[in-house]
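Heads up: the structure comes next, in structure tokens.
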Amino acid sequence: MKKKKIVYSGIFIVILFCIAVIFYCIGYEKSLKENQTVTFHAIITDIGANDSYIQVEGLETNDINSRGAFEFSIEDDTKLEWHNTPIKLSEFDVGDCVAVTHTGSIMESYPGKIEKVTKLQLLDDEK
């Protein structure tokens with residue numbers, strides 16, 4: 001009788017351990033997807049009134065998923081840079097070449113809506 005309890009306890013502990021490992025792996029994979037950033041190069045095609053949004057056209061040299069038209073908003077925590085120097089949103093103009101770094105998903109619409117832009121970097125040599 002005592003051996004059965006020990007065997008059942010051992011099986012129960014192994015099952016709990018397996019469940020814990022499975023949940024750890026699922027959580028780890030999910031956190032990697034959420035923290036993954038993507039950067040692509042584009043040309044600014046439109047800047048909304050009061051800087052409410054920016055629309056860009058991805059360059060042909062990008063991955064196939066980063067070509068086409070995209071639209072996004074600039075949040076307070078979005079880094080705006082030119083040669084690793086912070087700049088203001090007003091310094092971006094239509095026709096500027098930029099690097100867009102984002103996380104999260106892109107809505108499948110036209111233009112594609114980028115959920116969260118973390119950094120917008122001006123790539124032109126002169127400003």
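None of the values given here were measured: they were computed from a predicted structure. The figures that follow rest on heavy atoms only: side chains count, while hydrogens, waters and symmetry mates do not.
Put simply, Phe72 and Val38 are part of two different groups of oily side chains (I, L, V, M, F, W, Y) that touch within less than 4.5 Å, one to the next. Under the 4.5 Å side-chain heavy-atom criterion for grouping Ile, Leu, Val, Met, Phe, Trp and Tyr, Val100 is connected to Ile87 within one hydrophobic cluster. A single hydrophobic cluster is not seen to contain both Tyr53 and Ile106; linkage of ILVMFWY side chains at heavy-atom distances under 4.5 Å, directly or through other members, places them apart. Residues Val56 and Leu59 do not share a hydrophobic cluster, defined by chaining ILVMFWY side chains whose heavy atoms lie under 4.5 Å apart.
Residues Leu123 and His41 come closest through the heavy atom pair CD1-CD2, 3.6 Å. Residues Ala99 and Thr39 come closest through the heavy atom pair CB-CG2, 4.2 Å. Here the shortest heavy-atom pairing between Leu120 and Phe92 reads O-CZ, 3.8 Å.
Without hydrogens or angle criteria, Thr45 side chain to Gln55 main chain gives a donor-acceptor distance under 3.5 Å. In this structure a side-chain-to-backbone donor-acceptor pair under 3.5 Å is missing from Arg67 to Gly58. Checking side-chain atoms of Ser9 against main-chain N and O of Lys5 turns up a donor-acceptor pair under 3.5 Å.
Side-chain contact between Thr78 and Thr118 is absent, with no heavy atoms from C-beta onward closer than 4.5 Å.
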side-chain contact (heavy atoms from CB on, under 4.5 Å) between Ile114 and Phe40, intermediate numbers included: CA-CA 12 Å; Ile114 299 175; Phe40 67 93; 3.9 Å; yes
Step-by-step side-chain contact (heavy atoms from CB on, under 4.5 Å) determination, Asp93 to Ile44: CA-CA 7 Å; Asp93 296 315; Ile44 296 177; over 6 Å; no
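One finds the CG atom of Leu80 at 10.0 Å from the CG atom of Leu122 (value rounded to the nearest 0.5 Å). Once rounded to the nearest 0.5 Å, the distance linking CD1 of Ile11 with CG of Leu16 reads 12.5 Å. Rounded to the nearest 0.5 angstrom, Ile74 CD1 and Ile47 CD1 are separated by 9.5 Å. We find the CD1-CD distance between Ile43 and Glu57 to be 9.5 Å, quoted to the nearest 0.5 Å. Annotation: the span from Tyr110 atom OH to Phe70 atom CZ amounts to 10.0 Å, rounded to 0.5 Å. Within the model, atoms CH2 of Trp82 and CD of Gln121 stand 11.5 Å from one another, a figure rounded to the nearest 0.5 Å.
Remark: Asp63 engages no residue in a salt bridge (charged side-chain N to carboxylate O under 4.0 Å, His left out) (not counting sequence neighbours).
The existence of a salt bridge linking Lys119 and Asp77 is excluded, since no basic side-chain nitrogen approaches an acidic carboxylate oxygen closer than 4.0 Å.
Residue pairs meeting the salt bridge (charged side-chain N to carboxylate O under 4.0 Å, His left out) criterion with at least one member in residues 98-114, sequence neighbours excluded: Glu71-Lys113.
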